[in-house]
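Before any comments, here is the structure.
Each chain gets a letter, A, B and so on, in the order the sequences are listed, and its residues count up from 1. Predicted model, so just to flag it, every value in this text is computed and none were measured. We use all heavy atoms of the structure for the numbers below, so side chains are in, but hydrogens, waters and symmetry mates are not.
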Protein chains: 2
Amino acid sequence: MKRSIEDIRRQELIEGAYRAFLQHGIDGLTTARICKEAGMSPGILSYYFKSKDEVLFWMVRHANRVIMDEVAKRMKAAPNRWERLLAIIEGNFPKSLFEQNTANAWLSFYVASARDPQLERLQRLFHRRLASNISSCVSGIVSRADLPGFVETVAVLIDGCWLHRAAIHSQTTSAGAIALITNQVEQLLGATGISAMKKPAK
Amino acid sequence: MKRSIEDIRRQELIEGAYRAFLQHGIDGLTTARICKEAGMSPGILSYYFKSKDEVLFWMVRHANRVIMDEVAKRMKAAPNRWERLLAIIEGNFPKSLFEQNTANAWLSFYVASARDPQLERLQRLFHRRLASNISSCVSGIVSRADLPGFVETVAVLIDGCWLHRAAIHSQTTSAGAIALITNQVEQLLGATGISAMKKPAK
DNA sequence: CAAATTTTTGTACGCTCATACAATTTTTTA
DNA sequence: TAAAAAATTGTATGAGCGTACAAAAATTTG
């Protein structure tokens, strides 16, 4: 009962913050805006949260989960490692999210995470997960020595495409970004590497 | 006389803003901090500039010129198109600038440019210059159809490496970023393309 | 239903900041 | 050198913000 209403309100505020985040980025998030977006009165935030930063923290986790769900959904349906790698790439560019406001919002989170230790920890966690996912797809295909470089290259490409979507007024679509990255990955792995990955594992 | 002192003060303020920018990013720039960094009293800014945003505008131009000078210097010494392409890549990662604070500062500029039309225009200008530079190196080597994709890929890689330097606590050095990008470019152009570019042009 | 408790509202406080400007100092002019 | 102009200082003003909290409303309890 008490537990329940508290959880509900907290969740509503987090989701309100998420919607405001997508539109205005982290800097555009004010306590008033968050509360308004959640349909509550301005003072309520400090009743359910210790501070605005705490809402931000949970909001970012929520935002990341949205993307990770896209990745997980596609990975589940992937029959082999090559398809799993594609699932990672494609899952990082959901059509409905790959537009300028959202890209800018994510970018603003990157900037904020440089000065907020809490957000920085999240940032690292997200990156570790991505790196681990990529690694598991190509272990054995890419040599142990080349693995870190391969992983970093893919990560750089993914983040770079988001950055370009945000800042350069490039009309790149979700499909365009996926094609760009896939093309680079194909060159790195080579035809033999890819066909090896296509053998249904497990 | 009047002209001279005015230009000097404006330049000092712009350079003060630049130093503060490198350390604290765009959001950390306050009028007081800019004036202090320039060794002047806090009110002076509104005497020599219409607003803080005007200082920001000129500061960003200044900051970009620092990078462009690095590129230009290297291009001048390049005997052929392949070396010119390397000059562009290397010039975008000056050793003294490729560290976290500076990378974050640039990132914060990208974010700010999404909401400030003046900064957005600069952003586009910078990108056009980069794209044009890259194009001129590989025209004739990369087919006309593949050219936009090639240019975008290189641009994404450059920006992506800066983003990673800023946000992911990657220990990537300047040399590491250059190697990563060069490696990708070599794969795209192939051995025959590169050797064609190495013939001394002009 | 009355008292106690929880939830919500609206606002006031303190802080940071950009900007404008009156007062002061420095430099130029005649 | 005295008057005028230019340059600089320091501060006041007002806006936007996060947070705390007293008062009010809603809900639960006995």
Side-chain angles (χ1 to χ4, degrees), chain A residues 1-21 23-60 105 108-109 111-113 115-119, chain B residues 1-21 23-60 105 108-109 111-113 115-119:
Chain A
M1 326 310 168
K2 179 200 163 188
R3 203 67 213 174
S4 179
I5 190 91
E6 184 174 329
D7 286 351
I8 289 171
R9 290 288 174 273
R10 283 174 65 98
Q11 194 57 33
E12 284 172 345
L13 283 167
I14 290 168
E15 284 168 14
Y18 177 58
R19 286 191 299 273
F21 168 71
Q23 256 188 315
H24 306 285
I26 269 195
D27 302 321
L29 283 189
T30 65
T31 53
R33 179 128 61 186
I34 293 170
C35 294
K36 188 176 179 182
E37 191 70 44
M40 310 181 196
S41 59
I44 201 73
L45 192 144
S46 56
Y47 182 74
Y48 285 110
F49 288 93
K50 204 176 52 196
S51 70
K52 195 186 87 165
D53 282 349
E54 200 193 341
V55 189
L56 240 63
F57 178 81
W58 291 102
M59 183 277 287
V60 170
S108 73
F109 159 65
V111 172
S113 74
R115 276 180 207 93
D116 184 330
Q118 294 268 33
L119 296 185
Chain B
M1 330 309 168
K2 179 200 164 189
R3 204 64 215 177
S4 180
I5 189 93
E6 185 174 328
D7 286 351
I8 290 171
R9 290 287 173 276
R10 283 174 64 98
Q11 194 56 32
E12 284 173 345
L13 283 167
I14 289 168
E15 283 167 16
Y18 177 59
R19 287 191 297 274
F21 168 71
Q23 254 188 316
H24 306 286
I26 269 194
D27 301 322
L29 283 187
T30 65
T31 54
R33 179 128 61 184
I34 293 170
C35 294
K36 187 178 180 182
E37 190 70 44
M40 309 181 198
S41 59
I44 201 72
L45 192 144
S46 55
Y47 184 74
Y48 285 111
F49 288 92
K50 204 176 51 197
S51 71
K52 195 185 87 166
D53 281 349
E54 200 193 341
V55 188
L56 240 63
F57 178 81
W58 291 103
M59 182 277 287
V60 171
S108 72
F109 159 65
V111 172
S113 74
R115 276 182 206 92
D116 183 330
Q118 294 268 33
L119 295 185

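- Between B:I34 and B:M59, every side-chain heavy-atom pair lies at or beyond the 4.5 Å cut-off.
- Checking the phosphate oxygens (OP1, OP2) of C:dT19, no side-chain nitrogen or oxygen of B:S46 falls inside 4.0 Å.
- In this structure, A:I44 places its CD1 atom 15 Å from P of D:dT19, rounding to the nearest Å.
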Criterion side chain to side chain contact (heavy atoms under 4.5 Å, CB included) on A:F49 and A:I14, from CA distance to verdict: CA-CA 10 Å; A:F49 288 93; A:I14 290 168; 4.0 Å; yes
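- Among the atoms of the strands shown, only primed sugar atoms or phosphate atoms (P, OP1, OP2) are found under 4.0 Å from some heavy atom of A:Y48.
- Contact annotation: B:Y47 reaches the phosphate of D:dA7 (side-chain N/O to OP1 or OP2, under 4.0 Å).
- One atom, CG of A:L13, and another, P of D:dG18, lie 14 Å apart when rounded to the nearest Å.
- For A:R9 (side chain) and A:Y48 (main-chain N/O), no donor-acceptor pair under 3.5 Å exists by modelled atom type.
- Between the CD atom of B:E6 and the P atom of C:dT27 there is a distance of 18 Å, given to the nearest Å.
- In this structure, the CD1 atom of B:I8 is 11 Å from the P atom of D:dA7, given to the nearest Å.
- Rounded to an integer number of Å, the gap from CG of A:D53 to P of D:dG18 is 10 Å.
- A:K52 places its NZ atom 7 Å from the P atom of D:dT19, with the value rounded to the nearest Å.
- A donor-acceptor pair is defined here as one N or O able to donate and one able to accept, closer than 3.5 Å; such a pair exists between the side chain of B:K52 and the backbone of B:L29.
- For residues 23-39 of chain A, proximity to DNA chain C is found at no residue, defined as any non-hydrogen atom under 4.0 angstrom from a strand atom.
- When each of C:dT19, D:dT19, C:dT7 is scored by its nearest atom to the side-chain atoms of A:I5, the top-ranked nucleotide is C:dT7.
- Straight-line distance from the CZ atom of B:F49 to the C1' atom of D:dA7: 15 Å, rounded to whole Å.
- Nearest heavy-atom pair, B:E37 versus B:R19, reported as atom, atom and distance to 0.1 Å: O-NH2, 2.9 Å.
- Taking only side-chain atoms of A:S41, from C-beta outward, the nucleotide of D:dT9, D:dT11, C:dT8 with the closest atom is C:dT8.
- Straight-line distance from the CE atom of B:M40 to the P atom of C:dT25: 20 Å, rounded to whole Å.
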B:L13 vs B:I44, side chain to side chain contact (heavy atoms under 4.5 Å, CB included): CA-CA, chis, key distance, verdict: CA-CA 9 Å; B:L13 283 167; B:I44 201 72; 4.2 Å; yes
Side chain to side chain contact (heavy atoms under 4.5 Å, CB included) assessment of B:I26 paired with B:V111: CA-CA 9 Å; B:I26 269 194; B:V111 172; over 6 Å; no
